Amino acid sequence: MHLMYFTEQPMNAYPEEEARKFGFSSTLFSNKHFDPKEASRLYNERLEEYLYAEQCGVDGIMLNEHHNAPFCMQAKINIFSSILAAMTKRVKLVQLGNPLPLVDNPVRLAEEIGMIDLISKGRLVSGFVRGAGMEQVATNANPAFNRERFEEAHDLVIKAWTEPGPWRWEGNHYQMRVVNQWVMPLQKPHPRVWIPGIFSAETVVWAAQHRYPYIALNTTLEATKTLWKIYNDAAAKVGYQAGPEQRGYLIRCHVQDNEAKAHQGGRQFMWMQGEFLGLAHPYWASPSGYSSPTSRRQRLGAPRPKAPPYENQLETLQIIAGTPDQVVKKLRILLESARPSILALWANDGNVNHADSMNCIRLLGQEVMPALRQIGKELGLDSPFELNTPVSLAYTPKEQLKPVPASA
Amino acid sequence: MTIALAATKKETVQVGSLKVQMLKGGKGSPLLVLHREFGSPGWIQCLEELAAKHTIYLPSHPGFDSSDLPQWARSVRDLACLHLWLLDELKLSNIDVLGLGFGGWIAAEMATMNHKAFRKMALAAPMGVQPKEGEIYDQFLVGPLEYIQTCFHDKTKCNQQWGSQPTVDQLEIWEINREMTTRVAWKPYMFDQSLPHLLPGVKTPSLIVWGKEDKIVPASCGKQYQQLLPNARLETIAGAGHCVEYEKPSELAKLVGDFLA
């Protein structure tokens, strides 16, 4: 198994009542409520927590980015990745991921990621995302061309990493006169690419077609099973059988020494689910043109989604909170059912303070994760690193591929 | 309210590889009506009144309503080219045009491409030029109903048209139209930086009409259009917002009708 630590990096030091009054906590919620002194403290606490996570034995640190909202302080995934590349020694730095459509120059991105891979001495996993709807608004990226830009930027980055320059790119959305960046990643043929998402069927199929692991972001168990079926079918069509090494899962999981304290921290996951924060405007979350036309009708007129109550989410395993023994039992159910080999534990959110975050990290690294590794072995959940799988379909030896005929 | 008129008919016009849906009705000299970004109004009172002296051609822009989507289109100029092509297919030239808001921008682009495209050009609060004062209201930061309500000075008139809770069918049409608007007008939002440099070449007699209470396109744009077009007159209609044709149908029909006479 590959076991990661994740936090959304919440900017919890802001006046919540102002967001409630305004009705939304992103995009147009004014940054006059941003407190630089508190943000500086929080950034440095997060950094300390990441370094401690490595010390406590996690395999990887998962990073992400969002814009114009206090629920996530990371405005640029490559910045924390760079810092951690220099300050950590062992952990994988897992970007989930760089939002490709927001980028106007994918070659610059390929350079940045290449530098991080070099500085980390080859510990980078370079995930890519489409970026949430609000990110398109925040960066003024045209939502109608989101998927086209995602796919083209991906192709350009991979080519920049693998094909010696100089060459020219005249694409649909990107045109580059000279591609010849003087930075190539250390890992060959290129850093691993993982694709996280909240279950857009098109993205699941696209990931499977590229043989990139798909990381389901806290999807329900039921949805996750449907998702793997879609992935498996798409994988079979291009000639390989998908296994746990293609499957990742992010789950909210807060652990403390005693149950009451664990639930106190666990309830903080509601912070960004709308109870305290994360109030999303439907047309910022999904601007016109962003989602596929096939899902258009069902989105319309649908009421603003409301997060189920905390207790309900505990029952459905959308949130796990407890002592190390308690959470291991619940995580076992998830591992048996969803069979991922990549597991990210989203451990600290909302107003969980630095001391409690550190304690949670210690218990995860020293007690929960060792138990999960044993379960992983028992269930045969070997990660892409353990199996040394090819980084993509393009780098899978042709003789290993047996595509199912189109008519089948 | 939309008027059902037996004399109107729906037509499908083939423009290259695209099928463009069009409503046609009335009697008299041809008048091309280019609709707003939220779609074809159908046969509304204002058009009914204009139809007494004009044959009205009301196409749904490519990618809007049920007209085919040009996947490749990236700008309002692309839509303008397609509409010139449509006129060619209909064997219409040197005709009159009424462009409503976003449709007014398309009409202006068409006129810059072919100075002889129109005999006379009436534009009701057209987008297309960057306001010297204020900003064009950004529909993409609100939902479609809120946007359309903002297009009205009197919200009750908006609700009379679509109801305070539009049907899913209506929401779907608005969403399709927002998607296409996103494709062509996302950035810069609702204007073209080169259009002001091209408008002075359009000598077509032009009427610019502005609702006095327009909250969508600043009134400064009306003055800019008037100054940029060498042969233009600016009129204001009191008690109307951006959607003049819905709020003051007879006033707009009379202004346009007299101008085209």
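The analysis underlying the following values was restricted to heavy atoms, covering all of them including side chains, and did not include hydrogens, waters or symmetry mates. To find a chain, count down the sequence lines: A is the first, B the second, and so on, and within it residues start at 1. This one's a predicted model, so the numbers in the text were calculated from it and none came from an experiment.
Taking A:T27, A:L300, A:V137, A:L28 one by one and counting their heavy-atom pairs under 4.5 Å with chain B, the maximum is reached by A:L300. The candidate from B:Q165, B:K187, B:E179 with the greatest count of non-hydrogen atom pairs under 4.5 Å with chain A is B:E179.
The minimum heavy-atom distance between A:W284 and B:F140, with the atom names listed, is CD1-O, 4.4 Å. Of all the heavy atoms in A:G289 and B:E175, the pair that sits closest is N-OE2, 4.3 Å. Heavy atoms only, all atoms of each residue included: A:S288 and B:T182 are closest at O-OG1, 3.4 Å.
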Residue pair B:R74, A:N142: steps toward the side-chain contact (heavy atoms from CB on, under 4.5 Å) verdict: CA-CA 10 Å; B:R74 298 278 183 90; A:N142 192 323; over 6 Å; no
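Under the 3.5 Å distance criterion, with hydrogens and angles disregarded, no donor-acceptor pair is assigned to the side chains of A:N172 and B:W72.
With hydrogens and angles disregarded, a donor-acceptor distance shorter than 3.5 Å links the side chain of B:W186 to the backbone of A:N140.
Counting heavy-atom neighbours within 6.0 Å of B:E135 CD, excluding the residue itself, gives a total of 12 or less. In this structure, A:R108 places its CZ atom where only 12 or fewer heavy-atom neighbours from other residues, nucleotides or ligands lie under 6.0 Å away. Within 6.0 Å of the NZ atom in B:K132, the count of heavy atoms belonging to other residues, nucleotides or ligands does not exceed 12. Atom NZ of B:K157 sits in a crowded spot, with more than 12 heavy atoms from other residues, nucleotides or ligands closer than 6.0 Å. For A:E222, the CD atom counts as loosely surrounded, since its 6.0 Å shell holds 12 or fewer non-hydrogen atoms of other residues, nucleotides or ligands. Enclosure of atom NZ in B:K212 is not indicated, since only 12 or fewer non-hydrogen atoms of other residues, nucleotides or ligands lie within 6.0 angstrom. Within a 6.0 Å radius of CD in A:E17, other residues, nucleotides and ligands contribute more than 12 heavy atoms.
Taking 4.5 Å as the limit, some side-chain heavy atom of B:R178 sits within range of a side-chain heavy atom of A:Y283.
Comment: B:E172 engages A:R297 in a salt bridge, judged by a side-chain N to carboxylate O separation of less than 4.0 angstrom.
Note that the CD atom of B:Q71 and the CD atom of A:E148 stand 7.0 Å from one another [nearest 0.5 Å].
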